[in-house]
Protein chains: 2
Amino acid sequence: MSHVKKEPSLSVIRELARTFQAFEQLSAFHIRQMDLTPPQFDVVATLGNTPGMSCKELSEKTLITKGTLTGVIDRLIEKGVVSRCAQEQDRRSVMVALTAQGEALFQQVFPAHIAYMKTAFDLLEPADMEELCRRLSQLRAAFNQVLEQKKHEIE
Amino acid sequence: MSHVKKEPSLSVIRELARTFQAFEQLSAFHIRQMDLTPPQFDVVATLGNTPGMSCKELSEKTLITKGTLTGVIDRLIEKGVVSRCAQEQDRRSVMVALTAQGEALFQQVFPAHIAYMKTAFDLLEPADMEELCRRLSQLRAAFNQVLEQKKHEIE
DNA sequence: TCAGTATAGTTCAAACTAGAACTAGTTTGC
DNA sequence: GCAAACTAGTTCTAGTTTGAACTATACTGA
């Protein structure tokens, strides 16, 4: 997680890791009470209010890699929450969508979780959060840029 | 990861998850080239320049839970990088420390990784990063506070 | 002193994770 | 028109993750 010690510029990383972990703990604590795992919740939340989408699209939105997604979806199908359905136009692709039961689950579980997490955000000023967003976005851009650069250097 | 959609105040979460993931990808890309996993690197980095520490302490510093740590340390012992050694004063506790070979690995791998990650931070202003740190810390405090509160409510 | 309680680590089951190799289908360029 | 390159998903392996149950040891208070 932290991958670093106390070098000056890198205390950001420590803070980032610890903050993300604190979010995950709070979020997962609630999600587990609703009999889902965090990745399962992510998939249900992402499919809610949509006609369904391909694994690729789902993978991009949830940040779950395609290999992992196969297993997560398998387990959601066992629970009767989502379904897979072949595509006409591109036969490699699979459409994943909520079942009626999954739709009901989404309606029950998604607003409840938003409300739950909101109790944390209510402790903070909206302006501060906007500022945080902007700065996180800068940092993310730097990581992505360097990753691309380093990947090219390898060849 | 994201666990949320586009509710106004919660875009922070999206940004937090994506930024953290970008960091992990960049960091792991380098760590894998050095034949370590991110948790293994974390343990080596945390033990470097110390006389060793208990699993509990190691767990707190690395954010790796104790159950996971057992396995990570098992694999590092197989690699000959760390050692476990029983304690006199508290026989429940185990001291984990780098071996000579682990010390050498640390010297080689840790500065290299700091330098690697620094190429990303060099793209940013130090003042911006300090500001980011402060705001992350606020957010983390809010998550932790609500988690404690919610845990109490359960009983 | 000794029962109750707390703590340090390990073990376990179920799930997730990444990347790499693979299969099957699609697109491109010559 | 067809080989080469690309893309979508699945499968695989090794490792990590969590919480919970368990073992062994240490502490605490009547």
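Only this structure's heavy atoms are used, side chains among them; waters, hydrogens and symmetry mates stay out. Chain identifiers are assigned alphabetically (A, B, ...) following the order of the sequence lines, protein sequences preceding nucleic acid strands; residue numbering begins at 1 within each chain.
The side chain of A:Thr68 has C:dT17 as its nearest neighbour among C:dT17, C:dT10, D:dT18. Proximity note for A:Thr37 (side chain, C-beta onward) versus D:dT17, C:dG9, C:dC16: the nearest is C:dC16. Checked against C:dT11, C:dC16, D:dT11, the side chain of A:Thr70 finds its nearest nucleotide in D:dT11. Closest contact between the side chain of B:Ser54 and the listed nucleotides C:dG9, C:dA15, D:dG9 involves C:dG9.
Proximity of a side-chain donor or acceptor of B:Gln138 to a complementary backbone N or O of B:Arg134 within less than 3.5 Å is not detected. Of the possible donor and acceptor atoms, one in the side chain of A:Thr99 sits under 3.5 Å from a partner among the backbone N and O of A:Gly80. Proximity of a side-chain donor or acceptor of A:Thr19 to a complementary backbone N or O of B:Leu136 within less than 3.5 Å is detected. With hydrogens and angles disregarded, no donor-acceptor distance shorter than 3.5 Å links the side chain of A:Ser54 to the backbone of A:Met95.
The CD atom of A:Glu24 sits 15 Å away from the C1' atom of D:dG19 (whole-angstrom rounding). One atom, CD of A:Gln40, and another, P of D:dT17, lie 19 Å apart when rounded to the nearest Å. Going from atom CD of B:Gln33 over to atom P of C:dG19 covers 12 Å, rounded to whole Å. Atom-to-atom, CD of A:Glu78 to P of C:dA14 comes out at 12 Å; the value is rounded to the nearest Å. Put simply, CD1 on A:Ile64 is 15 Å from C1' on D:dG9, counting in whole angstrom units. One interatomic measurement links the two molecules: CG of B:Asp35 to P of D:dA14, which rounds to 15 Å at whole-angstrom precision. The separation between B:Ile73 atom CD1 and C:dG9 atom C1' is 10 Å, rounded to whole Å. To the nearest angstrom, P of D:dT17 lies 18 Å from CD1 of A:Ile31.
Side-chain nitrogen and oxygen atoms of B:Arg84 include none within less than 4.0 Å of the OP1 or OP2 phosphate oxygen of C:dG9. A:Ser93 has a side-chain polar atom (N or O) that falls below the 4.0 Å cut-off from OP1 or OP2 of D:dG9.
Using a 4.0 Å heavy-atom cutoff across all strands shown, B:Gly67 reaches at least one base atom of the nucleic acid.
Looking at which nucleotide of DNA chain C each of A:Gly71 and B:Arg32 is closest to, the 5′-most match is held by A:Gly71.
Ring geometry, A:Phe23 versus B:Phe143: the interplanar angle falls from 30° to 60°, so the pair is classed tilted. Relative orientation of the A:Phe110 and A:Phe41 rings is parallel, given thresholds of 30° and 60° on the angle between their planes.
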*Quick one: what's the B/S/- string for nucleotides 22-29 of chain C, heavy-atom cutoff under 4.0 Å, read 5' to 3'?*
--BBS---
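The cationic group of B:Lys150 does not satisfy the cation-pi geometry with A:Phe29, failing either the under 6.0 Å distance to the six-membered ring centre or the 45° limit from the ring axis.
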